[in-house]
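These numbers come from the heavy atoms of this one structure, side chains and all, not from hydrogens, waters or symmetry mates. Everything quoted here is computed from the prediction, not taken from an experiment.
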Amino acid sequence: ELPRATLMAGDLAKTVDFFSFGTNDLTQTTWGLSRDDSGGFLPQYMARDLVGLDPFMSLDQDGVGELMRIAVDRGRATRPGIKLGICGEHGGDPSSIHFCERIGLDYISCSPFRVP
């Protein structure tokens with residue numbers, strides 16, 4: 001759930017059996033935005049094409065996704081059989097699901113109301 005944890009994934013993998021990316025919190029800490037407060041300004045950013053998609057609804061593949069990819073690579077380099085997945089709202093977004101599959105995650109979890 002923290003950018004530093006994704007960068008330290010190789011070390012973390014020495015002592016854990018799985019990574020479960022909390023994508024909601026990882027998005028908040030990577031973007032420096034509160035999901036609860038962003039509704040007041042994020043739609044205006046999107047209307048002005050400053051932000052393509054709401055990063056709390058569809059995974060920011062270039063930023064948050066790159067951190068996840070780093071963690072996957074470093075975690076699997078240390079522990080090849082480590083189980084990797086996500087938990088959060090992004091698990092109900094088809095584009096985010098496809099991204100997770102492409103980087104080699106093993107499972108996806110999300111709220112029932114977000115199941116596509």
Is there side-chain contact between S38 and F56, with heavy atoms separated by less than 4.5 Å? yes
Any side-chain heavy atom of D93 within less than 4.5 Å of one from M57? no
What are the two closest heavy atoms between [X] and [Y], and how far apart are they?
X	Y	result
A13	G75	CB-O, 3.6 Å
G91	I97	O-CD1, 3.3 Å
P43	G39	CD-O, 3.3 Å
L67	L7	CD2-CD2, 4.1 Å
I82	D106	O-OD2, 3.6 Å

Check for me, please, whether V16 and M68 land in the same ILVMFWY cluster - side-chain distances under 4.5 Å, paths through other members count. yes
Rounded distance (nearest 0.5 Å) linking atom [atom1] of [X] with atom [atom2] of [Y]:
X	Y	atom1	atom2	answer
I108	L84	CD1	CG	12.0 Å
Q44	R48	CD	CZ	5.5 Å
R102	Q61	CZ	CD	5.0 Å
F19	L105	CZ	CG	11.5 Å
D60	S96	CG	OG	9.5 Å
I86	S109	CD1	OG	8.0 Å

Are E1 and T29 close enough that a side-chain donor and a side-chain acceptor fall under 3.5 Å? no
I'd like to know if the side chain of T23 pairs up with that of H90 as donor and acceptor (distance under 3.5 Å, no hydrogens or angles considered). yes
Using the ring-ring contact (aromatic ring centres under 6.0 Å, His included) criterion, which residues pair with Y45? Sequence neighbours excluded. F41
Report the C-alpha distance between D17 and R79 in whole Å, list the side-chain angles of each, state the deciding distance to 0.1 Å, and finish with yes or no for salt bridge (Lys or Arg N to Asp or Glu O under 4.0 Å). CA-CA 8 Å; D17 295 324; R79 186 178 296 253; 3.7 Å; yes
Go through the steps to decide whether R35 and E89 satisfy the test side-chain contact (heavy atoms from CB on, under 4.5 Å), and finish with yes or no. CA-CA 11 Å; R35 179 175 52 168; E89 301 305 312; 3.8 Å; yes
Do other residues, nucleotides or ligands put more than 12 heavy atoms under 6.0 Å from E66 CD? yes
Tell me whether S58 contacts the main-chain N or O of P55 through its side chain, where contact means a donor paired with an acceptor under 3.5 Å. no
Between C100 and F21, is a side-chain contact (heavy atoms from CB on, under 4.5 Å) present by the stated rule, with each step listed? CA-CA 11 Å; C100 291; F21 297 101; over 6 Å; no
Apply side-chain contact (heavy atoms from CB on, under 4.5 Å) to the pair M46 and L53, showing each step before the final yes or no. CA-CA 7 Å; M46 292 167 55; L53 297 170; 5.6 Å; no
Tracing side-chain links under 4.5 Å among I, L, V, M, F, W and Y, which residues wind up in one group with F113? none
Evaluation steps, salt bridge (Lys or Arg N to Asp or Glu O under 4.0 Å), between D73 and R76: CA-CA 5 Å; D73 292 346; R76 289 227 163 104; over 6 Å; no
Applying the side chain to side chain contact (heavy atoms under 4.5 Å, CB included) criterion to Q28, which one of T30, D25, L26 satisfies it? D25
